[in-house]
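The structure appears below as structure tokens.
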There are 2 protein chains.
Amino acid sequence: MAGMGAEQVADYMQGLGLKARQVSRVIGRASTTVKNRALLATADAIEAAQNQLVEANELDLQSGRDNGLDAAMLDRLALTPARIQGMLEGLRQVAALDDPIGAIRDMKFLPSGIQVGRMRVPLGVIGIIYESRPNVTVEAASLCLKSGNACILRGGSESIHSNRAIARCLAQGLAAAGLPAEVVQVVETTDRAAVGALITMPEFVDVIVPRGGKGLIERISRDARVPVIKHLDGICHVYVDDRADLDKAEAIAVNAKTHRYGVCNAMETLLVHESIAASFLPRVAKVYAEKQVELRGCAATCAILPEALVATEEDWSTEYLAPILSIRVVADMDAAIEHINTYSSQHTDAMVSEDFTRARRFLAEVDSSSVMINASTRFADGFEYGLGAEIGISTDKIHARGPVGLEGLTSEKYVVFGDGHIRQ
Amino acid sequence: MAGMGAEQVADYMQGLGLKARQVSRVIGRASTTVKNRALLATADAIEAAQNQLVEANELDLQSGRDNGLDAAMLDRLALTPARIQGMLEGLRQVAALDDPIGAIRDMKFLPSGIQVGRMRVPLGVIGIIYESRPNVTVEAASLCLKSGNACILRGGSESIHSNRAIARCLAQGLAAAGLPAEVVQVVETTDRAAVGALITMPEFVDVIVPRGGKGLIERISRDARVPVIKHLDGICHVYVDDRADLDKAEAIAVNAKTHRYGVCNAMETLLVHESIAASFLPRVAKVYAEKQVELRGCAATCAILPEALVATEEDWSTEYLAPILSIRVVADMDAAIEHINTYSSQHTDAMVSEDFTRARRFLAEVDSSSVMINASTRFADGFEYGLGAEIGISTDKIHARGPVGLEGLTSEKYVVFGDGHIRQ
């Protein structure tokens, strides 16, 4: 595989695409029972193959160390017992979720006498491109399978041995349910040209879900000839209104920033109404100081908090993913909304306020995939929203927006019932 | 305008895009009352300006005749009194539709204590590209306005005078409601480069809706850097099962083909179960003969209908848009589904059958944007489906599928309510 030329890679990927397209009809009409059986049998196969998985993973870790991967990458690459346990739980949880496929909604009679409704259906073939995190292979495969889609999985090249071992478990699970092995295909070549091919086969692939760094996702979005479900940035805001309950505001401002730093739904900029800035900023800054969060403020902020660095224009559009927070004092809610609609990445933005009319306006006027009142941005997550699973968070407006669960991997078709009805 | 160079056209379009993006926030939060006022005031303005509209249209018709436009194009270009009346009715109907924006669904409490729901929001800025049909200017503008979107309208260059006159009426309507004129912008240059610019400004335009011939739509889809809501072909099928009520089958087969020929939801291929072909085909062929529909059949069809021409492989994937019908005799429903999933353009496909279990399977297994049992494919239409309006029919699976009404021009964001909730 390693020695393929660009043309061979393209041929190989076309082959995967064609097979995926063919079996997509089979998985698309598979019953809930059959799909769940495949998920549970995959869990059993992984449980039985734990030693082989760890061995295969050790090969990846070894060459990762040899190739100088950093500690964070090696950590994501590792299949620890806890992570394998997480894979098993994930599979069983997805099996327990409601099957979205075939659900018919809004079926109603129309004046012509026909009945019209909408039936949920799979998208068809989903291509998933991700970094060297072998547990994502299982997670992505399980969500595609449950939503009736065939998938082609392209994980980072550093995880190739682990992914092949996992692919064997998935194949066993599919076989146990009588489903074709090609329902889940793991790309076997580490050649980068495979990604280029995968994202330019609209005849075989219906949607691409990239998961990883911003650079990867930008490149894929730019070059794809297929729709992409993606988010690039999480530049999330919390606006503390002058009608806020300052205890709630403090709890939310601290949680949104410090609960976890490296996540897309962490707050990066805190906006504070000018009339409460002098009272609120010092108390919250005290907590940030304890947690060693670096503060970068506008002039008004720095006047109140001498320890804060001066924020530059660039700070307002930076996703720190680190213990750094930018702070801006604003004249009122309108100025906060204006700031958010200018600098936000349209991921998640929150207001803390007890004012009903302002809450109503904030919800309507902030143009982000999640808009919150009196809650931490950290809640923006498929599990917290009750979706039961999450393939990613979309900051686009087309198709899926916000946390994307099984429903985001589906579409709806119209179904029409008549009794010989014809159009007059 | 006519003398602009390519760079000037690009600058001009960027200017339209920037203005559209700016005012999209204003129209996005406009109340239902304000939007309806703009729609009704536009109708009044058009009614008052009928003579000017006809005069402007006469300029277009005159140069159309001078430039040798064919009769069909001149017909679509003409603003007849009936068509102006249709524009007024359309505006008033759209004003009467429910406002989709701001609707919140599925708001529920989750175990963490937060409430999560989904709020319907505008897409932002919509670019519409269409042929020289000035009434589409009003129709497209009204749907974008009601759904809270700013729009940039690029009609065919032959209708430029008519479109400018209509744009003045739209500006009056917007002004009467206190809305900025840039909510609806009509592209003032006839330069073709304007289309290229419009479809490659993802920073300003959220979605493109092309309406027109297949060539135009293919070109736009290929070159766009923005999502496109489109349909290319309407290769629709009716399958007559051996368990069909043949009276219903005849009515549907005749209606689906002959009600109108040049429409995307007309049947192009009739599939007939082999065990009823000998009884069904002669009776339906008799009606087609009366209506002078040319028949092109498979070998089995030609054996039953000597008057039928021999269908080639190409016939199965041809959208005739004409009094021509291809006919194929199939072994059973599975063969019919196989044929449909191979050759259909995924627009609309119907089965005629009294069999419950087969109906259930046909609905699940035919992968088209509308799937029908015992009804004519001609029903695939936004008005017939009760959407109240239609911007087009999508044969894609991402975002909108099937007839696209106001909802297809919107998205949903998550709204989250808490009481100071933080993530544990």
Side-chain angles (χ1 to χ4, degrees), chain A residues 25 28-29 102 108 110 112 114 116 118-119 121 123-124 206-207 227 245 247-249 251-252 254-256 259 341 350 352 361 363-365 367-376 378-380 384-386 396-399 401-403 411-423, chain B residues 25 28-29 102 108 110 112 114 116 118-119 121 123-124 206-207 227 245 247-249 251-252 254-256 259 341 350 352 361 363-365 367-376 378-380 384-386 396-399 401-403 411-423:
Chain A
R25 290 196 206 161
R29 63 179 183 237
K108 60 187 172 192
L110 285 154
S112 63
I114 59 171
V116 178
R118 298 170 81 169
M119 180 192 277
V121 294
L123 289 175
D206 295 291
V207 66
D245 174 325
D247 291 336
K248 294 178 191 172
I252 289 168
V254 170
N255 185 260
H259 184 253
N341 283 340
V352 187
R361 275 195 52 213
L363 286 173
E365 295 180 20
D367 186 22
S368 299
S369 70
S370 287
V371 185
M372 304 184 167
I373 306 294
N374 295 341
S376 167
R378 284 284 292 133
F379 281 111
E384 293 293 335
Y385 284 3
D396 283 331
K397 290 184 181 176
I398 298 294
H399 190 64
R401 201 174 186 206
S411 179
E412 285 182 311
K413 67 185 179 193
Y414 282 94
V415 292
V416 178
F417 298 159
D419 188 27
H421 285 81
I422 60 172
R423 185 136 167 219
Chain B
R25 291 198 207 161
R29 63 179 183 237
K108 59 187 172 192
L110 285 155
S112 62
I114 60 170
V116 178
R118 299 172 79 169
M119 180 191 277
V121 295
L123 288 176
D206 295 290
V207 66
D245 174 325
D247 292 335
K248 295 178 190 172
I252 289 167
V254 170
N255 186 260
H259 184 252
N341 284 340
V352 188
R361 276 195 51 214
L363 287 172
E365 295 180 21
D367 184 23
S368 299
S369 70
S370 287
V371 186
M372 304 184 166
I373 306 294
N374 295 341
S376 167
R378 285 283 293 132
F379 282 111
E384 294 293 333
Y385 283 3
D396 283 331
K397 288 183 182 177
I398 298 294
H399 190 65
R401 199 173 187 206
S411 179
E412 284 183 311
K413 68 186 178 193
Y414 282 94
V415 293
V416 178
F417 298 159
D419 188 28
H421 285 81
I422 60 171
R423 186 136 167 218

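So you know, we letter chains A, B, ... as the sequences are listed, proteins then strands, and number each from 1.
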Practice task
Could you have a look at M372(B), R361(B), K108(B) and say which one has the most heavy-atom pairs with chain A under 4.5 angstrom?
Solution key: M372(B)
Completion exercise
Per-residue tally against chain B (heavy atom, under 4.5 Å) across V415(A), N341(A), V352(A) peaks at N341(A)
Fill in the blank from the handout: Taken to the nearest 0.5 Å, the spacing of H421(B) NE2 from E384(A) CD works out to 11.0 Å
Practice task
Measure distances from A251(B) to the heavy atoms of chain A and classify the residue's part below 4.5 Å as side chain, backbone, both or neither.
Solution key: both
Exercise for the section: Can you tell which part of R118(B) gets under 4.5 Å to a heavy atom of chain A, answering side chain, backbone, both or neither? Expected result: side chain
Problem - Which atoms of V116(B) approach chain A - backbone, side chain, both or neither, heavy atom under 4.5 Å - result: side chain
Practice task
Please examine the side chains of I398(A) and D206(B), heavy atoms only from C-beta on, and report whether any two atoms are closer than 4.5 Å.
Solution key: no
Practice task
Please state whether the side chain, the backbone, both or neither of D245(B) comes within less than 4.5 Å of a heavy atom of chain A.
Solution key: neither
Practice task
Look up atom CZ in R25(A) and atom CG in D367(B), then write down how far apart they are to the nearest 0.5 Å.
Solution key: 8.0 Å
Practice task
Might you point out which heavy atoms bring V416(B) and A375(A) nearest each other, and give the distance in Å?
Solution key: CG1-CB, 4.1 Å
Problem - Gap separating the OG atom of S370(A) from the CE atom of M119(B), nearest 0.5 angstrom - result: 12.0 Å
Completion exercise
Taking every heavy atom of K248(B) against every heavy atom of D419(A), the minimum-distance pair comes out as NZ-OD1, 2.5 Å
Problem - R378(B): partners by salt bridge (Lys or Arg N to Asp or Glu O under 4.0 Å), with sequence neighbours left out - result: none
Exercise for the section: Could you label the plane-to-plane angle of the Y385(A) and Y414(B) rings as parallel, tilted or perpendicular, counting under 30° as parallel and over 60° as perpendicular? Expected result: tilted
Handout entry: Heavy-atom side-chain contact between R401(B) and V121(A) under 4.5 Å
Key = yes
Fill in the blank from the handout: Applying a strict 4.5 Å limit to non-hydrogen atoms, the region of V371(B) in contact with chain A is both
Problem - Per-residue contact mode, L363(A) against chain B (heavy atom under 4.5 angstrom) - result: both
Fill in the blank from the handout: Under 4.5 Å to a heavy atom of chain A? For I114(B) that would be side chain
Handout entry: Heavy-atom contact with chain A under 4.5 Å, split by part of L110(B)
Key = side chain
Problem - Counterpart residues, side-chain hydrogen bond (donor to acceptor under 3.5 Å, both in side chains), relative to D247(A) (two or more places apart) - result: R283(A)
